[in-house]
Amino acid sequence: MHVESLELKNFRNYERIVLDFDSGTNVLYGDNAQGKTNLLEAIHVLGTTKSHKGSHDSEMIRFGEDEAHMRLIFRKNGIAHKVDMHLKKNGKKGVAIDGLPIRKAADLFGMINIVLFSPEDLNIIKHGPKERRRFLDSELCQLDKIYYQNLADYNRILVQRNALLKDIPFNPSLEPTLDVWDMQLIRLGSHIIEQRSRFTRKLNEIVVGIHENLTGGREQIEIIYEPDVTAEEFEEKLTRGRPRDLKLKTSGTGPHRDDFRVQVNGIDIRHFGSQGQQRSAALSLKLSEIYLVKEMIGDTPVLLLDDVLSELDRNRQKTLLQNMNDIQTLITCTGLDELIENNFPVNRAFHIVNGSVESPGK
């Protein structure tokens with residue numbers, strides 16, 4: 001699988017740009033704040049409908065414009081496909097695959113598999129549970145449309161339940177209607193818990209070997225899923241916790257509070273590991289995503305590296321390079337010198353200057 005071209009109109013700081021990519025390593029280089037990350041964000045949005053930075057559609061539209069148009073042409077199993085997307089300031093985004101409009105975002109998932117690695121990902125271990133849940137969800141949603149739908153429905157029900165918890169003090173007669181929302185929350189949440197559990201087991205099978213290689217066999221890594229509640233206990237704990245939820249006006253039980261722990265040689269490295277151990281573990285997790293996609297869909301994902309090379313030492317850079325051999329990669333960086341010095345292969349380079357390509361070439 002690889003991306004052939006990207007076309008943007010009124011996206012972020014780009015009035016209009018068209019880029020044709022090589023199936024190997026593509027480098028987007030230039031000074032900071034020129035728009036390099038915006039290009040990776042556009043590809044991520046076209047593949048997942050969401051910004052990896054958490055931006056709303058209106059925030060990605062060029063200042064002074066009402067809408068943006070994005071087009072991605074990619075090749076999968078030897079067949080070219082096209083994704084078109086319109087972002088609107090006042091309205092829902094429009095998406096079409098091969099010229100046919102889609103009604104649900106879930107229809108797009110799985111078309112393009114993307115692994116994005118940014119400097120923020122190096123801190124996934126020491127960040128809070130929300131960041132680690134996002135790591136699980138971002139890959140699971142791409143690999144499993146059912147998971148995406150369950151998660152979207154669960155979050156929708158959770159919002160409605162929390163709104164009801166806030167209304168009940170003003171209208172106590174509404175409390176019995178909580179049962180309806182609780183039944184849906186339990187059904188959807190139980191599926192999410194089970195799917196995350198299976199995914200974590202599969203992740204462990206892959207990450208162990210990667211981390212051993214990265215650390216020269218000195219460290220054994222283990223990912224331990226820590227659900228807020230098990231699927232079997234969800235109903236009982238949600239019911240028992242209702243008085244607390246009513247008091248706090250929020251739902252305190254469910255997979256929206258899940259976490260996972262990373263242990264190295266039996267030690268929880270979030271609390272007791274060095275920064276080097278935390279970064280190595282984060283790199284191992286991101287590399288594991290590549291192999292998970294390969295195993296589950298029988299094809300390689302597109303790897304997006306957003307200014308991450310400068311954050312890695314020589315040993316970690318070498319490990320990353322070894323895992324880029326047969327995969328299309330788009331890298332953002334400030335210059336080409338460091339890549340050349342470290343023998344990084346560069347198949348095509350684009351010099352990004354203030355929302356335009358100044359000198360594309362090989």
Side-chain angles (χ1 to χ4, degrees), residues 44 47-54 105-106 108-110 112-158 185-208 210-211 221-231 234 251 253-264 268-270 278-297 301-304 306:
H44 193 272
T48 67
T49 75
K50 295 182 182 298
S51 164
H52 70 285
K53 298 191 289 187
L108 183 59
F109 279 92
I112 314 165
N113 290 95
I114 294 167
V115 173
L116 186 143
F117 193 8
S118 68
E120 290 76 21
D121 290 317
L122 287 167
N123 297 315
I124 189 174
I125 309 300
K126 64 181 181 182
H127 278 174
K130 182 179 179 180
E131 300 303 319
R132 287 184 287 281
R133 285 195 300 271
R134 183 179 297 166
F135 166 79
L136 289 176
D137 291 339
S138 65
E139 197 55 46
L140 267 167
C141 284
Q142 288 192 70
L143 293 170
D144 190 337
K145 289 185 178 182
I146 295 175
Y147 181 86
Y148 170 81
Q149 196 60 59
N150 284 338
L151 184 65
D153 290 344
Y154 178 89
N155 288 333
R156 177 176 53 81
I157 298 300
L158 182 66
L185 208 65
I186 292 161
R187 177 179 60 83
L188 294 165
S190 296
H191 288 309
I192 291 169
I193 295 165
E194 290 166 355
Q195 287 168 296
R196 285 177 178 173
S197 180
R198 287 196 298 271
F199 179 80
T200 308
R201 289 197 297 271
K202 177 64 72 175
L203 184 65
N204 263 312
E205 293 173 7
I206 295 172
V207 74
V208 169
I210 291 173
H211 198 72
I221 194 171
E222 183 180 10
I223 314 301
I224 301 170
Y225 177 44
E226 296 183 323
D228 177 64
V229 62
T230 66
F234 194 5
S251 303
T253 303
H256 58 286
R257 299 176 63 86
D258 282 357
D259 199 356
F260 67 82
R261 184 169 76 253
V262 180
Q263 289 191 174
V264 170
D268 182 349
I269 61 170
R270 181 187 179 193
Q278 292 173 346
R279 287 189 159 216
S280 292
L283 179 56
S284 294
L285 284 172
K286 297 305 292 187
L287 292 175
S288 296
E289 286 189 68
I290 297 172
Y291 288 93
L292 270 170
V293 173
K294 285 182 179 180
E295 184 174 318
M296 296 182 74
I297 71 169
V302 176
L303 178 62
L304 309 179
D306 187 14

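Taking each heavy atom of A231 and S190 in turn, the nearest pair found is O-OG, 3.7 Å. In plain terms, the two heavy atoms of Y291 and I206 that are nearest each other are CB-CG2, 3.7 Å. When all heavy atoms of I269 and A281 are compared, the pair lying nearest together is CD1-CB, 3.6 Å.
Shown are Q149, H256, R187; of these, the side-chain hydrogen bond (donor to acceptor under 3.5 Å, both in side chains) with Y154 is made only by H256.
Under the rule for a side chain to side chain contact (heavy atoms under 4.5 Å, CB included), the partners of E120 that lie at least two apart in sequence or sit in another chain are S118. With sequence neighbours excluded, the residues forming a side chain to side chain contact (heavy atoms under 4.5 Å, CB included) with N204 are T200, V207, E222, I223, listed by chain and number. Residues satisfying the side-chain hydrogen bond (donor to acceptor under 3.5 Å, both in side chains) criterion with N155, sequence neighbours excluded, are absent altogether. For R156, the salt bridge (charged side-chain N to carboxylate O under 4.0 Å, His left out) partners at least two apart in sequence or on another chain are D153. Taking Y148 as the reference, F109 meet the ring-ring contact (aromatic ring centres under 6.0 Å, His included) condition, with sequence neighbours excluded. Every residue meeting the ring-ring contact (aromatic ring centres under 6.0 Å, His included) condition with H52, not counting sequence neighbours, appears here in chain and number order: H44. H191 pairs by the side-chain hydrogen bond (donor to acceptor under 3.5 Å, both in side chains) definition with nothing, not counting sequence neighbours. Taking the side chain to side chain contact (heavy atoms under 4.5 Å, CB included) definition, one finds that S51 meets it with E41, V45, K53, S55, M60, sequence neighbours left out. Taking the side-chain hydrogen bond (donor to acceptor under 3.5 Å, both in side chains) definition, one finds that E139 meets it with nothing, sequence neighbours left out. Not counting sequence neighbours, the partners of S284 by the side-chain hydrogen bond (donor to acceptor under 3.5 Å, both in side chains) test are H211. Under the side chain to side chain contact (heavy atoms under 4.5 Å, CB included) criterion, I297 pairs with M1, N113, L143, V293, D299, not counting sequence neighbours.
One distance of note links CG of L203 with CD of E289; it measures 8.5 Å at 0.5 Å rounding. Atom CG of residue L136 and atom OH of residue Y225 lie 7.5 Å apart, to the nearest 0.5 angstrom. The CD1 atom of I186 sits 10.0 Å away from atom OG1 of T253, with the distance rounded to the nearest 0.5 Å. Summarising the geometry, atom CG belonging to L116 is positioned 6.5 Å from atom CG belonging to D306; distances are rounded to the nearest 0.5 Å. Rounding to the nearest 0.5 angstrom, the gap separating the CG atom in L283 from the CD1 atom in I210 is 9.0 Å. For the atom pair CG (D121) and OG (S138), the distance works out to 8.0 Å, reported to the nearest 0.5 Å.
Judged purely by atom type and a 3.5 angstrom limit, R257 has no side-chain atom pairing as donor or acceptor with the backbone of S251. Listed for the Q142 side chain is no donor-acceptor partner under 3.5 Å among the backbone atoms of T48. The main-chain N or O of I224 is never found under 3.5 Å from a side-chain atom of Q263 such that the two would form a donor-acceptor pair. Side chain of D228 to backbone of P255: no donor-acceptor contact under 3.5 angstrom is found.
At least one side-chain heavy atom of D259 sits less than 4.5 Å from a side-chain heavy atom of R270. Contact annotation: the side chain of I125 approaches that of L285 to within less than 4.5 Å [non-hydrogen atoms, C-beta and beyond]. With a 4.5 Å cut-off on side-chain heavy atoms, I193 and T230 do not count as touching. Here the side chains of F135 and F260 are in contact, with some heavy-atom distance below 4.5 Å.
Sorted by first and then second residue, the salt bridge (charged side-chain N to carboxylate O under 4.0 Å, His left out) pairs with a member in residues 192-203 read D137-R196, R196-D258, K202-E205, K202-E295; sequence neighbours excluded.
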Side chain to side chain contact (heavy atoms under 4.5 Å, CB included) assessment of K286 paired with I124: CA-CA 10 Å; K286 297 305 292 187; I124 189 174; over 6 Å; no

